[in-house]
Amino acid sequence: MKYLVRDKIFAIGDDYWIEDEQGRHAFLVDGKAMRLRDTLELKDPGGKVLITLRQKMFSLRDAMTIERDERPLASIRRKRLSLLRNHYRVTLVEGTELDVSGRILDREFTVEYDGELLAHISRQWFHVRETYAVNVVREDADAALLVAVAVCVIRMAERERED
């Protein structure tokens with residue numbers, strides 16, 4: 001299943017819709033303004049909060065946390081940086097680790113678990129420069145989590161570029 005993301009994002013307080021392949025609203029990304037730390041909520045079309053993304057405070061390395069139902073679900077940290085590719089590690093609370101690697105700022109990267117592709121994020125399917133897709137490859141994968149991971153690592157890479 002592909003989810004379409006318009007790249008006008010990353011301003012705190014901005015809200016935007018992520019659509020499915022049929023153009024229906026799938027997720028609302030709600031940027032929370034007036035917060036001490038960077039916070040985004042991923043909501044279903046009815047407004048229910050599915051995932052909360054928060055910048056970790058007082059972290060030595062840039063990190064964000066992912067929460068579900070107000071409980072920690074995962075943390076994301078930059079793993080290593082090379083000239084051509086970025087690498088991030090998503091550590092779920094039960095210990096499972098997902099690897100995110102590729103050209104994050106170009107919106108060309110993958111999310112993998114133990115070498116198995118879970119999602120491919122790409123602009124290649126679109127002619128409009130400001131749009132990219134999160135293609136969730138496995139049917140049994142948690143689509144909300146994978147969309148949240150994509151939004152999160154792009155946000156982190158954008159912040160690193162600004163610093």
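Values reported hereafter were calculated over all heavy atoms of this structure, with side chains retained and with hydrogens, waters and symmetry mates removed. It should be emphasised that the depicted structure is a prediction, and the values quoted were computed from it without experimental measurement.
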Got a sec: does the CD of E94 have more than 12 other heavy atoms crowding it under 6.0 Å?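 Above 12, so yes.
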Are more than 12 heavy atoms from other residues, nucleotides or ligands located less than 6.0 Å from atom CD of Q22? yes
Is any side-chain heavy atom of [Y] closer than 4.5 Å to one of [X]?
X	Y	answer
L73	L145	yes
F109	N86	no
K79	D99	yes
T110	S101	yes

Yes or no on side chain to side chain contact (heavy atoms under 4.5 Å, CB included) for R54 and M64, after CA distance, side-chain angles and deciding distance? CA-CA 5 Å; R54 296 183 201 279; M64 290 189 79; 5.8 Å; no
If the test is side-chain hydrogen bond (donor to acceptor under 3.5 Å, both in side chains), which one of R103, K2, E108 qualifies with S122?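 When R103, K2, E108 are each tested with S122, the side-chain hydrogen bond (donor to acceptor under 3.5 Å, both in side chains) holds only for E108.
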Spacing of [atom1] belonging to [X] relative to [atom2] belonging to [Y], to within rounding of 0.5 Å:
X	Y	atom1	atom2	result
I76	C152	CD1	SG	3.5 Å
D142	I51	CG	CD1	6.0 Å
L40	R155	CG	CZ	4.5 Å
T96	D114	OG1	CG	10.0 Å

So, for [X] and [Y], which heavy atoms are closest and what is the spacing to 0.1 Å?
X	Y	result
E67	P72	CG-CA, 4.2 Å
D20	M1	CB-CE, 4.1 Å
L146	A119	CD1-CB, 4.2 Å
A144	L50	CB-CD1, 4.3 Å
A133	L4	CB-CD2, 4.4 Å
K43	D30	NZ-OD2, 2.9 Å

With under 30° as parallel and over 60° as perpendicular, where do the rings of Y3 and F27 fit, or are they tilted in between?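 Y3 and F27: tilted rings.
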Side-chain heavy atoms under 4.5 angstrom apart, residues restricted to Ile, Leu, Val, Met, Phe, Trp, Tyr: same cluster for [X] and [Y]?
X	Y	answer
V111	I18	yes
V136	V149	yes
L42	W17	no
V137	I121	no
V134	L98	yes

Run the numbers on V151 and Y16 for side chain to side chain contact (heavy atoms under 4.5 Å, CB included), then give the verdict. CA-CA 12 Å; V151 168; Y16 59 93; 3.8 Å; yes
Whether D15 side chain and G31 backbone form a donor-acceptor pair below 3.5 Å: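 Looks like yes, one N/O pair under 3.5 Å.
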Salt bridge R107-E158, side-chain N to carboxylate O under 4.0 Å: yes
Please report the C-alpha distance between V93 and R71 in whole Å, then the side-chain angles of each, then the deciding distance to 0.1 Å, and finally whether the side chain to side chain contact (heavy atoms under 4.5 Å, CB included) criterion is met. CA-CA 10 Å; V93 290; R71 291 189 308 262; over 6 Å; no
